[in-house]
Amino acid sequence: MDDIAKSVPVIDIQWIRDWKKLRSSDSDHDDFVPSLPPVMATSAISSSSGAEILNRRFKDLPPEELQFDDEIARRREAEANVDIAPGFINSKYECLRPTPYEPKYNRKLVSLLLLLERKRHLDNEPKRSLSYRHAISAIKAYPREIQSSKEAEKIIGVGKKMAEKIKVFLHTGTIEEADKLRYDEQFRTLSLFSKVFGVGVTTARLWWDMGYRTLQEVLASAKLTAAVQLGIELFPDFDQSRGKTKNGDVDLIISSKRPDNMKGFLNKLTRRLIEKNYLKHKLWNSTEIKKISHLERPSAGARQVFDSFEKPSTGIRRQVDLICVQPDELGTAILGWTGSKQFERSIRDYAKKEKNLLLNSQAMHLEQNGKRKKYVVHSEKDAFDMIGIPYLEPELRNC
DNA sequence: GGGCAATACG
DNA sequence: CGTA
DNA sequence: GCCC
């Protein structure tokens, strides 16, 4: 367990230090292990008031910028069969190749495809959205500028229709459907709504259909669950639309060598955090209270998790997920909560289809003639080894 | 044509 | 079922 | 929307 703790990157921000202090002053829990995915420690100093943000409607929103708008040298489409780039791992399994957070090549193309993916997602077309996800991941990992649609179509995950869009892009420098979305009221409003914690595409569209166009209107008129109401109220704090590309969620995975110590641990912890004024009190008046008391039960093992919002001494708020796991779940838990989402889907897909290994964030099982045999995964590296794929640093899992 | 990750919680 |  |  110590090895794991050391191998996991830890963010150096104030509240982590506070946590350490808390930990060292609390001998009851001297063996709890914080584990963190690599998260950029950026934060927004909001210059706008919360009310102003909640009242924004689509025309007031900061422009839907392309992540990148490179001066693309228009590449000649005519000349055919460019070979696929050497060294590119051309597979439908994203987990087999490194994928950077910010690609060096094909950046505008990726930005445009991301808009189309989001559109499919907001239109509740999850399978099409997934297809775009696959193609985008492959292109992000592609080691040079794509020269022609013929070349693009050799990439597994890029089929006929997307190759056609890429062809247009290489000729005109854009993809019309995607470019239009940047100024599309419905698209941008649905995007805004679905950024609220607790709101997915169904709710976002419901609000749109009811005629709401700003979060303030929603807040004033719709009957909301306590959680969603809270999500809206906290939205300005978490707003990251200006100048910020990185999201600051933190997951803490907590485990103990003496699982009996963990009974009520989250409860005690949250009580202390409230005492120290790290937590936003409002939260605990809402639905979350149920979750906490629920976790108090001895609940014979497995996963315990809840989402919370923490207000560190800096005054900046972040979403923090606390996850308590059994010691033998630690490896798969870290792997499972580190992401990216697409990486998790990919590695689970590969494990099952290629190795008969069933993987989730609690365990890995080998399936052989109808029986399931459990394997204990001690670390991320362990998991990669057992599945038989090369280890990837977390910062290269941006599929 | 079938399948697309997998599971907990309200 | 919707969301994380 | 794409792969097998």
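Lettering follows sequence order; numbering is per chain, from 1.
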Here the residues of residues 130-143 of chain A within 4.0 Å heavy-atom distance, strictly under, of DNA chain D are S131(A), Y132(A)
Ion pair [X]/[Y], N-O distance below 4.0 Å:
| X | Y | value |
| --- | --- | --- |
| K374(A) | D328(A) | yes |
| R345(A) | E94(A) | no |
| D184(A) | K180(A) | no |
| K165(A) | E117(A) | no |

Does anything in residues 200-211 of chain A reach DNA chain C, meaning a heavy atom under 4.0 Å, and if so which residues? G200(A), V201(A), T202(A), T203(A)
Main-chain N/O of S361(A) paired with T332(A) side-chain donor or acceptor, under 3.5 Å: yes
[X] [atom1] - [N] [atom2] separation (whole Å):
| X | N | atom1 | atom2 | result |
| --- | --- | --- | --- | --- |
| E329(A) | dA6(B) | CD | P | 17 Å |
| I347(A) | dA5(B) | CD1 | P | 14 Å |
| Q342(A) | dA6(B) | CD | P | 13 Å |
| L359(A) | dA5(B) | CG | P | 13 Å |
| L358(A) | dA6(B) | CG | P | 7 Å |
| K195(A) | dT3(C) | NZ | C1' | 18 Å |
| H365(A) | dT7(B) | NE2 | P | 9 Å |
| Y350(A) | dA6(B) | OH | C1' | 19 Å |

Rounded C1' spacing from dA5(B) to dT3(C) in Å: 16 Å
Grouping I, L, V, M, F, W and Y whenever their side-chain heavy atoms are under 4.5 Å apart, do I84(A) and L96(A) come out in a common cluster? no
Need one value for [X]: base, sugar-phosphate or nothing, where a base atom within 4.0 Å counts as base even if backbone is also close, heavy atoms only.
| X | answer |
| --- | --- |
| K127(A) | base |
| K353(A) | sugar-phosphate |
| K341(A) | base |

Candidates [options] - the one meeting side chain to side chain contact (heavy atoms under 4.5 Å, CB included) with [X]:
| X | options | answer |
| --- | --- | --- |
| Q342(A) | L130(A), T99(A), N398(A) | L130(A) |
| L181(A) | R118(A), K119(A), Q186(A), R188(A) | K119(A) |
| R205(A) | N124(A), T189(A), D123(A) | D123(A) |

Spacing of L190(A) atom CG and E185(A) atom CD [to the nearest 0.5 Å]: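 So the gap between those two atoms works out to 10.0 Å.
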Would you compute the distance between atom CD1 of I155(A) and atom OH of Y142(A) and round it to the nearest 0.5 angstrom? 5.0 Å
For chain A and DNA chain D, what are the first and last nucleotides along the strand, 5' to 3', with at least one atom under 4.0 angstrom from a heavy atom of the protein chain? dG1(D) to dC4(D)
Step by step, work out the side-chain contact (heavy atoms from CB on, under 4.5 Å) result for V168(A) and I175(A). CA-CA 7 Å; V168(A) 171; I175(A) 300 171; 5.6 Å; no
Has R348(A) got a side-chain N or O lying under 4.0 Å from the OP1 or OP2 atom of dA5(B)? no
